[in-house]
Amino acid sequence: MLFTAVLFDLDGTLTDPKLGITRCIQYALSELGYKPPEADELHWCIGPPLKDSFSQLLKTLDGTVIEQAILLYRRRFATIGLFENSLYPQIPEIIKTIRFAGYKTFVATSKPYIYAMRIIEYFGLSLLFDGVSGSELNDIFGFLPIRSVLIGSALVCCVWGFYLALGPQYKFVIRN
């Protein structure tokens with residue numbers, strides 16, 4: 001068997017986070033005194049690290065300003081934004097089918113682990129995954145030490161992190 005586990009990205013693969021993420025960005029920008037763009041103009045912010053998105057949105061490299069924006073974003077996201085999210089159709093059935101075929105299933109996301117777990121639990125998916133790997137609030141990533149196939153669109157950072165942690169003997173297959 002080429003791989004023994006399937007790793008799913010969270011945002012954009014299992015769930016549609018657009019509403020929560022864009023509203024939290026708009027909230028942070030408003031609190032900082034900026035006029036936020038419309039939600040449809042913020043779609044590009046889903047996936048990349050928050051500090052990169054806020055740096056572009058605020059047109060600054062000032063770490064203090066960017067960190068303040070991230071704190072405001074997380075203030076809303078932790079209580080409201082993570083629930084402004086929807087599960088894509090048939091996700092539980094797809095995961096059950098993959099598990100029935102003998103594969104382990106994991107979530108591998110650049111989203112902070114504490115938020116990823118709450119979202120997985122909110123949608124009742126906890127029992128369908130063997131584990132969840134996410135970043136810490138400081139953007140340091142965990143990793144899962146197994147042969148895996150990655151499914152998702154925002155996993156480049158995870159692949160690189162897995163490669164650095166595990167070494168070149170592991171092969172990663174990315175499917176979009």
So CG of D11 and CD1 of I119: to nearest 0.5 Å the spacing works out to 6.0 Å
Joint cluster assignment, F83 & I80, ILVMFWY side-chain distance < 4.5 Å: no
Can you tell if the side chain of I25 reaches within under 4.5 Å of the side chain of F54, non-hydrogen atoms only? yes
Would you say the side chain of L14 lies within less than 4.5 Å of the side chain of I95, judging by non-hydrogen atoms? yes
Using only atom types and a distance under 3.5 Å, with no angle test, would you say the side chain of S30 pairs donor to acceptor with the backbone of P36? no
CD1 of I94 to CG of L128: how many Å apart, nearest 0.5 Å? 11.5 Å
What salt bridge (charged side-chain N to carboxylate O under 4.0 Å, His left out) pairs are there with at least one residue in residues 92-103, not counting sequence neighbours? R99-D130
Residue pairs, two or more places apart or on separate chains, that pass salt bridge (charged side-chain N to carboxylate O under 4.0 Å, His left out) and touch residues 81-91: R23-E84, R76-E84
Which residues pass the ring pair (Phe, Tyr, Trp, His ring centres under 6.0 Å) test with Y34, sequence neighbours left out? none
Would you say the side chain of L29 lies within less than 4.5 Å of the side chain of L72, judging by non-hydrogen atoms? no
For the atom pair OG (S110) and CG (L10), what is the distance rounded to the nearest 0.5 Å? 9.0 Å
Spatial distance of atom OG (S53) from atom CG (L58) [nearest 0.5 Å]: 10.5 Å
Is there a side-chain contact between V132 and F8 in this structure, where contact means two heavy atoms from C-beta onward sitting under 4.5 Å apart? no
With sequence neighbours excluded, what pairs up with S55 under the side-chain hydrogen bond (donor to acceptor under 3.5 Å, both in side chains) test? none
Distance only, no hydrogens: is a donor on one side chain within 3.5 Å (strictly under) of an acceptor on the other, for Y115 and R74? no
Just distance, no hydrogens or angles: give the donor-acceptor pairs under 3.5 Å from side chains in residues 39-49, sequence neighbours left out.
{"from": "D40", "atom 1": "OD1", "to": "K18", "atom 2": "NZ", "distance (Å)": "2.5"}
{"from": "W44", "atom 1": "NE1", "to": "E41", "atom 2": "O", "distance (Å)": "3.0"}

Can Y122 be reached from L82 by stepping across I, L, V, M, F, W or Y side chains whose heavy atoms are under 4.5 Å apart? yes
What I'd like to find out is whether the side chain of T109 reaches to under 4.5 Å of the side chain of T13, using heavy atoms alone. no
In chain order, what residues pass the ring pair (Phe, Tyr, Trp, His ring centres under 6.0 Å) check against Y73, with sequence neighbours excluded? F77
Do I21 and I114 belong together in a cluster built from hydrophobic side chains that touch within less than 4.5 Å? yes
Side chains of L125 and P92 in contact at under 4.5 Å (non-hydrogen atoms): yes
Pairs in or reaching into residues 117-126: which pass salt bridge (charged side-chain N to carboxylate O under 4.0 Å, His left out), with residues at least two apart or in two chains? none
Residues in side-chain hydrogen bond (donor to acceptor under 3.5 Å, both in side chains) contact with Y113, at least two apart in sequence or another chain: none
For the hydrophobic clusters of this structure (ILVMFWY residues joined by side-chain heavy atoms under 4.5 Å, transitively), does one cluster hold both Y27 and V65? yes
Shortest non-hydrogen pair, K111 vs A116, comes out as CD-N, 4.0 Å
Pairwise distance CD(Q68) to CD(E31) - rounded to 0.5 angstrom: 9.5 Å
Quick one: ring pair (Phe, Tyr, Trp, His ring centres under 6.0 Å) partners of F123, sequence neighbours excluded? none
For L127, I'd like to know if atom CG has over 12 heavy atoms of other residues, nucleotides or ligands within 6.0 Å. no
Can you name the side-chain hydrogen bond (donor to acceptor under 3.5 Å, both in side chains) partners of T15, sequence neighbours left out? N85
Is any side-chain heavy atom of L19 closer than 4.5 Å to a side-chain heavy atom of S86? no
Show the nearest heavy-atom pair for residues Y103 and V6, with the distance to one decimal. CB-CG2, 4.2 Å
Looking at side-chain heavy atoms only, is the closest gap between V107 and L7 below 4.5 Å? no
